[in-house]
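Here is the structure we will look at, set down as structure tokens.
Along the sequence shown, the residues carry numbers beginning at 1. What's counted below: heavy atoms across the whole structure, side chains too, no hydrogens, waters or symmetry copies. One-based numbering, in listed order, for ligands and for the atoms of each.
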Amino acid sequence: MGNEPKLLIAGNWKMNGFAQNLDQVEAVVNGLAQKPAANRDVLLCPPITLLAQASSLSQNSVLQIGAQNCHIAQSGAHTGDIGSDMLKDAGATYIIVGHSERRADHHETDGVVNAKAQSTLSSGITPIICVGETKTERQSGVALTVVEHQLDGSVPTLEEGQEIVIAYEPVWAIGTGLVPSVDDIKNMHAAIREWLIKKFGESGNSVRILYGGSLKPSNAKEILAIPHVNGGLIGGASLKAEDFLGIIYAG
Ligand code: PGA
């Protein structure tokens, strides 16, 4: 694991937060200014309504701002949708694509997720491509197969210099307080690393693989120390700066 990439600690506010909650973004900015996060990148993905404001609040900070979704196209007759060029223009440096909540709520297929990842890359920013099995799939012993199948369909081929991030988020661990065993996370991340090397060769080693699902300050140290865990995607615990900073400084 000597060449493992720098950790990425990414918060996903989902459909939460009003203008008044931007004080939490400011608190993260101030926290990071007072105590730099050694050896890790930090990202927060607020709802789209707060993206531009969050981005200006973090202008002189190491804190980066991202989006939670994008449309496949960059512009046109798609009422209510937003393209990755527009998100970049508003300050996004990453876009989460294929989160399980979008796969479920909006019937996003691997093909759609792949197209969103490609449009994000075409904007010159980094997609965080989410995969993960359901409880039933875990219980019936097909978690690895399911995730590999999702990777096959959702991860695009890359051109020189393009970067992606993978987020492994078991659906049953999201927002439930349930977390897979250290061994289960270890096996899944090792399998994803192997898949990445098969697809991208040596450079598959530099793709960050995040773990997501009920990460919190109290379990972050243990989870972030697992081989091939290169950071976290954090929902609930990213809403309060104090908890999010607790994860950022864990380990
Ligand atoms: P959670 O969500 O941390 O609230 O479990 C994680 C996610 O869905 O990214």
Side-chain angles (χ1 to χ4, degrees), residues 7-17 21 24-25 28 40-48 50-51 54 63-70 87 92-108 113 116-117 120 126-135 137-138 143 146-147 150-151 154 164-182 184-185 188-189 192 208-224 226 229-251:
L7 297 191
L8 171 64
I9 308 296
N12 170 15
W13 278 14
K14 308 190 179 182
M15 200 172 75
N16 295 292
N21 303 110
Q24 298 306 301
V25 177
V28 174
R40 47 200 72 184
D41 293 327
V42 185
L43 170 73
L44 207 46
C45 303
I48 190 65
L50 302 180
L51 197 151
L63 176 67
Q64 300 189 65
I65 300 298
Q68 302 173 14
N69 175 47
C70 66
L87 295 166
T93 54
Y94 289 82
I95 302 177
I96 300 170
V97 296
H99 190 282
S100 61
E101 286 151 14
R102 292 208 59 88
R103 289 176 184 262
D105 293 354
H106 300 276
H107 314 291
E108 288 189 8
V113 176
K116 290 186 175 193
T120 301
T126 306
I128 300 177
I129 304 168
C130 303
V131 293
E133 82 285 356
T134 62
K135 184 92 203 163
E137 289 162 344
R138 166 66 57 184
V146 165
V147 167
Q150 288 175 331
L151 291 169
S154 310
I164 57 165
V165 173
I166 304 294
Y168 167 58
E169 300 203 299
V171 177
W172 53 274
I174 295 176
T176 57
L178 301 172
V179 175
S181 70
V182 167
D184 284 344
I185 297 178
M188 182 61 81
H189 280 245
I192 295 173
R208 294 194 267 208
I209 310 170
L210 312 185
Y211 167 79
S214 299
L215 253 180
K216 41 184 188 263
S218 58
N219 62 20
K221 185 177 176 185
E222 185 179 30
I223 293 174
L224 294 174
I226 298 172
V229 172
N230 310 120
L233 184 54
I234 299 119
S238 71
L239 293 169
K240 284 210 188 100
E242 193 188 339
D243 293 341
F244 192 47
L245 287 166
I247 296 174
I248 291 169
Y249 298 126

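Relative orientation of the Y211 and H189 rings is tilted, given thresholds of 30° and 60° on the angle between their planes.
For ligand 1, none of its N or O atoms has an N or O atom of T176 under 3.5 Å away. Ligand 1 has an N or O atom lying under 3.5 Å from an N or O atom of G175, backbone or side chain. The shortest N or O to N or O distance between I174 and ligand 1 is not below 3.5 Å.
Atom numbering of ligand 1 starts at 1 in the shown order; those under 4.0 Å from a heavy atom of S214 are 1 (P), 3 (O), 5 (O).
Residue K216 places no heavy atom under 4.0 Å from ligand 1. The closest approach between any non-hydrogen atom of G212 and ligand 1 is not below 4.0 Å. For A237, the closest heavy-atom approach to ligand 1 does not fall below 4.0 Å.
Taken to the nearest 0.5 Å, the CG atom of L224 stands 9.5 Å off from the CG atom of L210. The structure places CD1 of I174 at 11.0 Å from CG of L215, a figure rounded to the nearest 0.5 Å. Note that CD of Q68 is 10.5 Å distant from CD1 of I128, once rounded to the nearest 0.5 Å. Between the OG atom in S238 and the CD atom in Q24 there is a gap of 10.5 Å [rounded to 0.5 Å].
For atom 7 (C) of ligand 1, the nearest non-hydrogen atom of the protein is E169 OE2, 3.0 Å. Of the protein's non-hydrogen atoms, the one nearest atom 3 (O) of ligand 1 is G235 N, 2.8 Å. Looking at atom 4 (O) of ligand 1, its nearest protein heavy atom turns out to be G236 N, 2.8 Å. With respect to atom 2 (O) of ligand 1, the closest heavy atom belonging to the protein is K14 NZ, 3.3 Å.
Contact annotation for A173 and ligand 1: only backbone heavy atoms (N, CA, C, O) come within less than 4.0 Å of the ligand.
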- Task: Decide yes or no on side chain to side chain contact (heavy atoms under 4.5 Å, CB included) for E108 and V97, but give the supporting numbers first.
- Result: CA-CA 10 Å; E108 288 189 8; V97 296; over 6 Å; no

- Task: Would you sort out whether I248 and L245 count as a side chain to side chain contact (heavy atoms under 4.5 Å, CB included), showing the intermediate values?
- Result: CA-CA 5 Å; I248 291 169; L245 287 166; 4.0 Å; yes

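For the 3.5 Å distance criterion, the side chains of T126 and R208 fail to qualify, holding no donor opposite an acceptor.
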